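Each remark here refers to the structure printed beneath this line.
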Amino acid sequence: MTRDGAAGPGDAPLLTVRSLAVDFGSTRVVDGVSFHVSRGEIVALVGESGSGKTVTALSLLDLVPMPGRRTAGDVVFEGRDVTGLSPSELRRLRGGGIGFVFQEPGEALDPVRTIGSELVAVLRRHRGLSRDEARREALSWLSRVALPDPEARMRDLPHRMSGGMRQRAMIALALAGGPRLLVADEPTTALDVTIQAQLLELLRRLRGELGLAVLLVTHDLDVVAEVADRALVMYAAEIVEEGPVADLLASPAHPYTRALLAARPTAGSGAENRSLTGLEGSAAVPGAWLSGCRFAPRCPVAVERCGRERPGLSPVARGRAACHLVGRSGT
Amino acid sequence: MTRGRVQRRLLVLALFPALALLAPLLARALPADAPQAIRALTPVPFDPDATDLATRLRPPDGTHLLGTDDLGRDVLSRLLHGARVSVLVGLAAAALAFAAGTLLGAAAGTLGPGVDRAVLVVTGVVQAFPALVLVAAGAAMAPPSRWTAALLIALTAWPEAARLVRAEALRLSASPYVEAARAAGASPARVVLRHVLPGAIAPAIASLPYVVGGAVLLEASLSFLGLGVPPPTASWGRALADARESLTSAWWCVLPPAAALFLLVLSARKAGEALSESR
């Protein structure tokens, strides 16, 4: 498979996001978000709903829905700033450079178009194949994502398939254009756990086969633990902690990450007897943020300084965290 | 509303264009030596434009089934040929309006606020004027023909379909599968035509028979004002205008075209009702 555009500087990350800000009217929903994704890496973007993770993902393709607007920052993919692209370059990037898998496959597939016709359209658009070549390639993609009986699936409308099959079809669609980065927005949330495990396994396999980088947007820490190499934790439009998944789950630095981990139901640890440790208060409402740390009102260890002064990301172990208390107390 | 009923009503509506298309066969002057078989298949053996002042304003009888008009032309023959103008212009206008309206509506609902505002302004302007005034003004400037009439009527009739489709398209445009199509690099044209239009077109289809009815009436008004198809071509609107002089004495000149218009518009509405209720 040709990987055009892969001629970027050898060690530069595939994707670099710098100080990204997105506003919906006067409300800021993504605020100074910076991160990178390297080739072949699976990075998880973790957060509650409303934390800005989906908008962050959409802005990689310049697809933030109206009336949202990117107001600051750069998104650099393979050495080129996404905002500087012409409409036709942008269309090549969408599906050709970055593939996107949506949360609810039942709603993200056009109800009146067959999987085959959608795949053929993507293959012709991004890979310049003839109709016949595209058909053959479409069939091979359907078998690649392990859909049973690809010939029959080609002619199927989405409603004739199960949720798991649809999500496999979505993944085939997202990858058929030959992207180097796959952005998956809650790809397994709408599916039951056994299907979820199969899909995560599929993602891991495809990463190996294609050298694919994956940005996995999720609120599910079990999914993160399962597949991701590195994780970014978002709270109230900001990244509050990032680091290798193993470190992050074993010794979270930020009180919010700790709270998320504590709120996770764990099988076989006497979860029935122990009530789940919920997080006090509710997620910060965009636009109603304090001048200090946005997590301070819910933080069990907040000190007076937290209400005054916003913490920046500072190094901790092999990652970074935005908390005044890390590095001081050593937690 | 049952499926059979919808089909029956659409069939009744389809009778009108069928008669219009067959008019040159059903109603035509036959040479004196025409074979008996052809004579039997031609129920109205009169040319619609042939005048005969000796037989002017004859009431219906065995020869002229619906009588003759003030120039001695056969009313039934002119009625059948008039359908070619009234029905075919009405249908052509509705088809044009449907095509333009659905495309503009889908584009307006899908391609963002700039396009949307532009389309809305134009629909607003068109809808703010009485359609007849716009069409009559256009007809006064353009060379009169049935295609001019169809085009002008379509120009006033498209906003209806555009508004219906736009509303659906706005909803679909924010739906995950349209967003997914964009994320897969689909061009704006493809998003509009392949992903939005198929899902947004249904209300416009249901309103199509009403548009046909309106277009037929508008064509009749235009012909009545003498701005439609040029004489001597028969048309229902012109027949009504010609019959004004003899309105009180020769009812057979007025009633047939008026009844034909009434029945056509009624069956169009009935078909429209059936279509929208069956959804």
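Since this is a predicted model, take the numbers as computed values, not measurements. Quick note on labels: first sequence line is chain A, next is B, and so on, each numbered from 1.
Nearest heavy atom pair, residue A/Asp110 against residue B/His195, reads OD2-ND1, 2.8 Å.
Chain B forms more heavy-atom pairs under 4.5 Å with one residue of A/Gly177, A/Pro65, A/Pro158, A/Pro111 than with any other, namely A/Pro111. Your options are A/Gly106, A/Gly95, A/Ala108, A/Ser88, and the one with the most heavy-atom pairs under 4.5 Å with chain B is A/Ala108. The residue among A/Leu109, A/Leu173, A/Ile98, A/Leu61 with the most heavy atom pairs within less than 4.5 Å of chain B is A/Leu109.
Residues of residues 161-190 of chain B lying under 4.5 angstrom from chain A, judged on non-hydrogen atoms, are B/Pro176, B/Tyr177, B/Glu179, B/Ala180, B/Arg182, B/Ala183, B/Ala184, B/Gly185, B/Ala186, B/Ser187, B/Pro188, B/Arg190 by number. Of all residues in residues 94-122 of chain B, those placing a non-hydrogen atom less than 4.5 angstrom from a non-hydrogen atom of chain A are B/Pro113.
Residue A/Arg124 places its CZ atom among more than 12 non-hydrogen atoms of other residues, nucleotides or ligands, all under 6.0 Å distant. A 6.0 Å sphere centred on CZ of A/Arg207 holds more than 12 heavy atoms belonging to other residues, nucleotides or ligands. Remark: B/Arg269 CZ is loosely packed, at most 12 non-hydrogen atoms of other residues, nucleotides or ligands lying under 6.0 Å away.
There is no contact between A/Gln103 and chain B, counting heavy-atom distances below 4.5 Å.
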